[in-house]
Each structure stands twice: as structure tokens, then as C-alpha cells.
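Throughout, a chain's letter reflects where its sequence line sits, starting with A, and its residues are numbered from 1. Just so it is clear, the values below take in all heavy atoms, side chains as well, and ignore hydrogens, waters and symmetry mates.
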Number of protein chains: 2
Amino acid sequence: MRSLKQIRSFVAVFEEGSFTAAAQREGATQSGISQHIRHLEESLGVELLVRDGRGVIPTAHGERYYGECVAILRRLDLAEAEIGRASALGGEVRIGLMPTFTRAVLAPTLDRFIAVAPTVEMRVTEAYSGVLTDLVRKGELDFAVVPGFQGAVGLSTTLLIRDREMLVASKNRLGQHLTPISLKDMDPLKIVVPGPQNTRRRTIETYCASHGVAIERRLQLDAMMGTLDFVASSEWVAILPGVMMVNDLDGARFDIRPLDQPALYSDFVLIEPTRRVLSPAAALFASMLRETTEQTITIRQARMREA
Amino acid sequence: MRSLKQIRSFVAVFEEGSFTAAAQREGATQSGISQHIRHLEESLGVELLVRDGRGVIPTAHGERYYGECVAILRRLDLAEAEIGRASALGGEVRIGLMPTFTRAVLAPTLDRFIAVAPTVEMRVTEAYSGVLTDLVRKGELDFAVVPGFQGAVGLSTTLLIRDREMLVASKNRLGQHLTPISLKDMDPLKIVVPGPQNTRRRTIETYCASHGVAIERRLQLDAMMGTLDFVASSEWVAILPGVMMVNDLDGARFDIRPLDQPALYSDFVLIEPTRRVLSPAAALFASMLRETTEQTITIRQARMREA
DNA sequence: TTCCGATATTAATTTTTCTGATAGAGGGTC
DNA sequence: GACCCTCTATCAGAAAAATTAATATCGGAA
């Protein structure tokens with residue numbers, strides 16, 4: 001007979017591309033997963049996955065069945081969310097944020113959220129997008145906010161916010177605080193960048209290369225706090241999303257100038273497991289996060305107009 | 001943990017309005033069903049059903065959850081139908097028909113169907129609508145065709161055909177074979193009717209009462225073959241759906257005249273369990289049944305125009 | 001009250017699932 | 001090609017869960 005465990009196992013294997021990884025994600029053994037898939041295939045009378053020594057590849061049947069299974073799990077999740085403690089706006093909300101978001105917008109969002117939903121247990125994980133993506137896929141986070149990307153199996157993405165990238169340097173080094181700047185006018189740059197595993201690195205390199213911005217020296221720093229601190233006390237610069245600099249608009253510590261000619265925008269998306277539905281509390285937090293972020297951007301735009 | 005058995009049990013209890021009946025339908029014991037429901041309620045943290053000594057009544061939560069559960073089971077069924085042997089147009093098709101349909105349209109439909117799908121195992125059950133409805137709800141039939149009615153929990157209905165009712169008598173007793181007739185012109189009637197448990201009985205009585213048709217004598221006969229035979233060899237008449245008389249349009253045995261002023265139409269609907277999806281073979285049979293029936297009606301209309 | 005028809009509970013049993021160990025298969029590397 | 005590494009399949013015993021039959025309990029009707 002068909003069972004939900006079998007379906008969950010299949011979805012996990014499909015998304016992870018491996019029995020072993022699926023077992024880990026489902027908190028089971030590889031042996032158990034193997035048996036579930038076998039029973040599923042037997043009872044359907046169809047091969048769902050081709051095992052090729054390196055992992056697994058779904059068959060055409062597998063692809064189609066996966067789509068249905070995800071829809072079923074999602075619907076199941078929805079049914080429970082509708083009934084259970086869901087409506088009470090309680091439970092636990094586990095989210096993942098990049099430093100971009102924890103630096104400035106997390107605190108005010110938390111303030112507002114806690115006021116409205118005092119009984120909800122919040123758990124915020126700070127990490128870079130790769131880690132967060134994995135955690136979301138494993139179901140260990142309800143959702144995460146990561147740079148916009150080309151999607152991944154089993155994840156749904158929703159655009160949360162689009163924000164402008166800023167050139168950040170220590171006070172009085174750039175001048176014209178908050179007015180647009182063309183990077184080419186500033187080169188050659190001594191720039192602090194994240195490591196190649198970070199999505200931002202590629203964005204920055206691509207931008208510089210395709211607009212003829214010369215880079216004199218690169219410093220690879222995978223610590224956001226450290227980057228800011230270093231930039232504040234040196235002649236090095238960094239390119240950062242505006243949303244993390246809202247608390248420094250006064251110009252007391254940094255010169256901040258939006259990239260121009262052309263402007264560079266970054267998308268941040270909310271990712272969640274397709275097979276699940278956001279709990280009301282999580283959805284509320286997500287919408288508050290978006291609102292707060294939008295407000296900070298609005299504030300910044302007002303300041304920029306003044307400048 | 002949630003399981004499909006629990007969900008199936010809940011759906012069965014909801015639809016049957018009773019643990020005991022649900023157990024029977026699911027081929028389980030009352031004890032097992034009781035435990036499944038208890039676990040479901042515990043894990044949702046919500047009461048789904050109120051037990052009141054006489055049976056069970058769903059709570060508001062139960063109602064909502066039921067809707068989701070049916071959708072999930074249906075989707076699951078769909079997923080399997082899409083993948084499995086479904087596409088091969090094999091397997092078994094179990095349908096239920098009333099005598100109305102078995103008398104004239106079943107045979108030609110079967111001919112066509114068997115030609116196209118020779119490997120499908122057909123199982124046709126002939127019975128009256130109440131029995132067929134129960135069998136469909138229990139999942140012992142893929143679908144049945146019954147008189148149009150006001151629906152039942154757990155059943156989906158689709159209009160299959162609308163047909164005209166006929167006054168049937170033995171040859172040369174009515175005259176004007178195949179031309180419309182006003183019943184009032186023929187009263188008082190000596191009429192053969194089915195028992196009160198049959199949907200048609202109410203239809204006929206209502207029609208006569210509301211159009212001032214006097215009935216001289218009633219003969220209650222719950223045997224369709226017997227009714228036809230008796231009518232053919234006596235002065236009694238019967239009111240029957242046109243679709244069952246297509247083989248007697250030649251007037252050799254019966255005088256058949258459509259009711260007029262006003263015309264009386266009957267709807268026949270296809271009923272199937274909402275939680276399931278018709279297999280391709282069953283769907284094909286249903287559509288062939290509709291086609292055949294429509295053709296017989298078209299033929300009759302042509303004959304009527306000639307007459 | 002008493003009975004009747006229904007659900008709840010319980011403990012033993014059966015079935016299913018899960019695990020840990022091991023075998024086997026398929027690529028990559030030297 | 002031999003070796004190694006990683007991955008999946010299989011198996012038997014262990015653990016967990018479902019199922020059953022018997023029985024307790026409950027609620028309403030007469």
C-alpha cells in the first residue's frame with residue numbers, strides 16, 4: 001500500500017539527487033529510503049529513478065510523479081496549517097538571513113513582530129546563501145532570504161525586494177555622500193570582496209569587468225562585520241547592498257554613494273520548500289520583513305533627494 | 001505522524017457518518033478506525049468529529065479538513081492514474097447501470113468499447129439507483145449512472161444525458177406511434193409504476209398530480225423486464241425514459257409516445273467517488289456510453305419527425 | 001431504568017518499518 | 001586494468017505500528 005513516508009522519501013531523493021542525502025534529510029537510513037522507493041516503484045509498476053552509481057536520475061515517469069507528489073505534500077501541509085494551532089499565530093518560526101539583512105532591518109522587524117505575536121518562538125540563523133539554501137531544502141528553516149538566483153529543485157522563490165548597490169568607503173574618502181557615482185571615475189579600486197562561493201562576488205566582478213572598471217587590488221574577506229570595520233578605518237572600499245547601510249545614512253562613519261552609470265540593482269528572494277506552506281506566523285514575519293525593508297529604502301531615497 | 005490510512009479513515013467516517021460503517025467500507029474494524037481518528041485528532045490538536053451516541057457529526061474543523069483530505073486523496077489517485085498502467089488502457093472497469101441503460105444502450109456501447117480496449121476487464125452491475133449509489137460510495141464501482149439528484153457527501157456528479165419520458169403501451173393501444181401526447185387526454189390511467197424507493201416513482205406521481213392527470217389504478221412493479229412484458233400484453237401503460245425504448249421504435253410491440261404539454265425530461269448523471277479519479281479506461285467507457293445514448297436519441301428524434 | 005446501538009479502550013498478535021552490516025555496482029584515478 | 005571511493009541493494013533481526021477481538025463505556029429512546 002501507498003504511504004506518505006514513501007512519497008516523502010521519493011520527493012527527498014528526487015530533490016537531493018541521492019538516496020544517501022535523502023536519508024540524512026529525512027532522518028532515516030539509506031537502507032530505509034531504498035526500501036521505500038522500491039516499494040513505491042513496485043506498487044506503481046513503473047521505474048521512477050535510474051541509479052547510475054554516481055547518484056540517481058529521474059525517469060520521465062519520475063519527473064511527472066514528483067510534480068504530483070510535491071503538490072500532494074503541499075496540500076497536506078496546507079490542510080494542517082488551516083486547522084491546527086496555525087490560526088492561533090503561535091508555534092515556532094525559523095528563518096535564515098544573510099548578514100545583509102541582519103545588520104539593519106532585522107532588529108526593527110523583530111520589534112514589530114514580537115509586539116504582534118508575543119507567543120511565537122523565533123529562531124534566526126545568520127549565514128550565507130549557500131548554507132541557507134541547504135537548510136531550507138532540508139526543512140530546517142521555514143524560509144530564508146537570499147540573493148535572487150536561478151532556482152533549485154524543490155524550492156519556491158518569491159521576490160522580496162530589489163535594492164540598489166552602494167559604494168561604501170570611510171568618511172570623507174568619497175565625498176558627495178549619498179549622491180550617485182560612476183565607478184569608473186574612482187578606479188583603479190582597492191576593493192574588499194567576498195569569496196567566490198558568495199553570489200555577490202560574481203555580481204561585482206561582472207559589473208566591473210563589463211563596465212571597464214579597473215581593480216587595483218582585491219581583498220577577500222568573508223566576514224561582513226570585518227569588512228565594514230576594515231573599510232571604515234582604511235582607504236579600501238566595498239560594494240554593498242543599500243539595505244544594510246540604512247543606519248549609516250548620517251555619514252558619521254561612512255561615505256555611501258549609489259553606483260551609477262549604470263545603477264546596479266540586486267534582487268533578494270524569499271525561498272521556501274515547495275512541499276510546504278508557510279505557517280501564518282512565518283508568513284506574517286516575511287511580510288513584516290518586506291515592509292520594514294521597503295521603508296528603509298524609502299527613507300534612504302528621501303535622504304538621497306536631499307543630498 | 002500523519003498517514004494516509006488515517007486520512008482515508010477520516011474521509012470514510014465523514015462520508016458514512018459512522019465509525020462502524022466506515023470500518024466496513026474500508027475493510028477494517030471499528031476499533032482500528034477509532035484509533036486512527038483519535039491519532040489524527042491528537043496530532044492535529046483539534047477535535048474533528050463529535051460523537052453523539054447516535055453516530056458522528058463533524059465539527060467546523062472537521063468540515064474544513066474533510067475538504068482538504070478529499071482533495072488530497074483525489075490528487076493522489078490522479079498521480080497514480082497518470083503513471084501506472086493507466087496509460088496502457090488496461091485494468092478493470094466496474095460500472096453500475098440502471099435497467100434504463102442496460103436494456104438498449106449497454107450492448108452497443110460494449111461492442112464499441114471491447115473493440116477499442118480488448119484487454120480491459122468489464123464488470124457491469126445492474127441495480128436501482130439507491131444500491132448503485134451505495135456501491136459507488138463504497139468504492140466498489142468506478143462509476144454509476146443514476147437519475148439526477150441532489151448529490152451526496154463524497155460523490156461527484158456529472159450530467160450524462162437528458163432524455164424525454166415516454167408513455168408506453170401495447171401495440172395499437174395509443175395509436176399515433178411516436179407522436180407527442182398529452183397525458184390528460186388519456187386519463188384515467190391504469191399505470192404500472194415502480195415502488196416508492198425508486199426515484200422515478202416520485203417523478204411520475206408529481207407530474208401527474210401537478211398536471212391534473214387522473215390515475216384509475218396503480219400497479220407497483222419493481223421489475224423492469226416484467227413491466228415491459230406486462231404492458232405489452234395488457235391494457236396497462238407505463239411511463240419510461242425514451243432511451244430504453246430505442247429498439248422498439250418500429251412499433252412492432254409497443255405504442256410509444258413522448259409526453260407533451262408539458263414534455264417531461266429526466267436527467268441521468270454519472271456519479272463517482274470524489275476522492276478518486278476515473279481511470280482512463282473508465283472515462284473512455286463513460287464517454288462511449290454518452291455517445292451511444294446521444295446517438296439513440298438522435299435516431300429517435302429523426303423517427304419522430306417522420307411520424 | 002433499562003435496553004440498544006454506537007464509540008472507546010485494552011492487551012495480545014500480526015504486520016510493517018527500520019536498522020546495521022554487508023554485498024555489489026559504477027566511475028574515476030593511477 | 002587494478003584499485004579505490006562512493007553510492008545503492010539486500011538481508012535478517014529489532015523495533016515500532018497497526019490490527020484484532022473482547023470488553024467497557026456512553027448517550028439516547030422507550
Side-chain angles (χ1 to χ4, degrees), chain A residues 1-59 61-62 65-66 69 73 76 134 137-139 153, chain B residues 1-59 61-62 65-66 69 73 76 134 138 153:
Chain A
M1 242 302 122
R2 193 65 20 79
S3 85
L4 285 180
K5 286 239 179 76
Q6 286 172 6
I7 288 175
R8 272 192 252 269
S9 300
F10 172 64
V11 167
V13 171
F14 187 101
E15 290 177 358
E16 302 290 334
S18 143
F19 280 53
T20 313
Q24 218 171 327
R25 158 169 146 187
E26 295 294 301
T29 58
Q30 174 267 321
S31 169
I33 299 291
S34 174
Q35 290 175 63
H36 275 140
I37 302 296
R38 179 154 57 90
H39 290 144
L40 194 57
E41 289 181 324
E42 274 170 9
S43 87
L44 287 174
V46 159
E47 197 173 47
L48 295 172
L49 302 162
V50 177
R51 288 77 157 166
D52 83 335
R54 214 87 197 95
V56 295
I57 297 167
T59 63
H61 281 138
Y65 196 58
Y66 167 75
C69 288
L73 292 183
L76 204 64
D134 276 354
R137 211 171 43 194
K138 287 194 175 124
V153 184
Chain B
M1 243 298 123
R2 194 66 20 80
S3 86
L4 285 180
K5 285 238 179 77
Q6 286 171 5
I7 288 175
R8 272 192 253 269
S9 300
F10 172 64
V11 166
V13 171
F14 187 102
E15 290 178 358
E16 303 291 333
S18 144
F19 281 53
T20 312
Q24 218 172 326
R25 159 169 145 187
E26 295 295 301
T29 59
Q30 174 267 319
S31 169
I33 298 290
S34 174
Q35 289 176 66
H36 277 315
I37 302 297
R38 178 154 56 89
H39 289 144
L40 194 58
E41 289 180 325
E42 274 170 9
S43 86
L44 286 173
V46 160
E47 197 173 47
L48 296 173
L49 301 162
V50 178
R51 289 76 157 166
D52 82 336
R54 214 90 198 92
V56 295
I57 297 167
T59 63
H61 280 139
Y65 196 58
Y66 167 75
C69 288
L73 292 183
L76 203 65
D134 275 354
K138 286 194 176 125
V153 184

Interatomic distance where CD1 belongs to B:I33 and P belongs to C:dA6 [whole Å]: 15 Å

Nucleotide D:dA18, atom P - distance to CD of B:E26 in whole Å: 15 Å

Gap between atoms CG and C1', on A:L49 and D:dA9 respectively (whole Å): 14 Å

Nucleotide of D:dC7, C:dA8, C:dT17 approaching B:F19 most closely (side-chain heavy atoms): C:dA8

Length of the CD-C1' vector between A:Q24 and D:dC7, whole Å: 13 Å

Spacing of A:I57 atom CD1 relative to C:dG26 atom P, expressed in whole Å: 13 Å

side-chain N/O A:S31 vs C:dC18 OP1/OP2, d < 4.0 Å: no

D:dT19 OP1/OP2 closer than 4.0 Å to side-chain N/O of B:K5: yes

Basic-acidic side-chain contact under 4.0 Å: A:R2, A:E42: no

Ring geometry between A:F10 and A:Y65 (parallel below 30°, tilted from 30 to 60°, perpendicular above 60°): tilted

Whole-Å distance separating the CD atom of A:E16 from the P atom of D:dT6: 18 Å

A:H36 side-chain N/O to C:dT16 phosphate OP1/OP2 under 4.0 Å: no

d(CD, A:Q35; P, D:dA9) in whole Å: 10 Å

side-chain N/O A:T20 vs D:dT8 OP1/OP2, d < 4.0 Å: yes

Short side-chain N/O contact from A:H39 to OP1 or OP2 of C:dT16, under 4.0 Å: no

Spacing between B:L40 atom CG and C:dA8 atom P, to the nearest angstrom: 13 Å

Show which side-chain atoms of residues 26-35 of chain A pair as donor or acceptor with protein atoms under 3.5 Å away, not counting sequence neighbours.
{"from": "A:T29", "atom 1": "OG1", "to": "A:G32", "atom 2": "N", "distance (Å)": "3.1"}
{"from": "A:S31", "atom 1": "OG", "to": "A:Q35", "atom 2": "NE2", "distance (Å)": "3.2"}

D:dT10 OP1/OP2 closer than 4.0 Å to side-chain N/O of A:R38: yes

Side-chain ion pair, B:E15 and B:R25, N-O less than 4.0 Å: yes

Heavy-atom closest pair, residues A:T59 and A:L49: CG2-N, 4.1 Å

B:A28, nearest nucleotide to its side chain (from D:dT20, C:dT7, D:dC11): D:dT20

Sequence-aligned protein contact record of nucleotides 23-30 of chain D, with B where the base is within under 4.0 Å of a protein heavy atom and S where only the sugar-phosphate is: --------

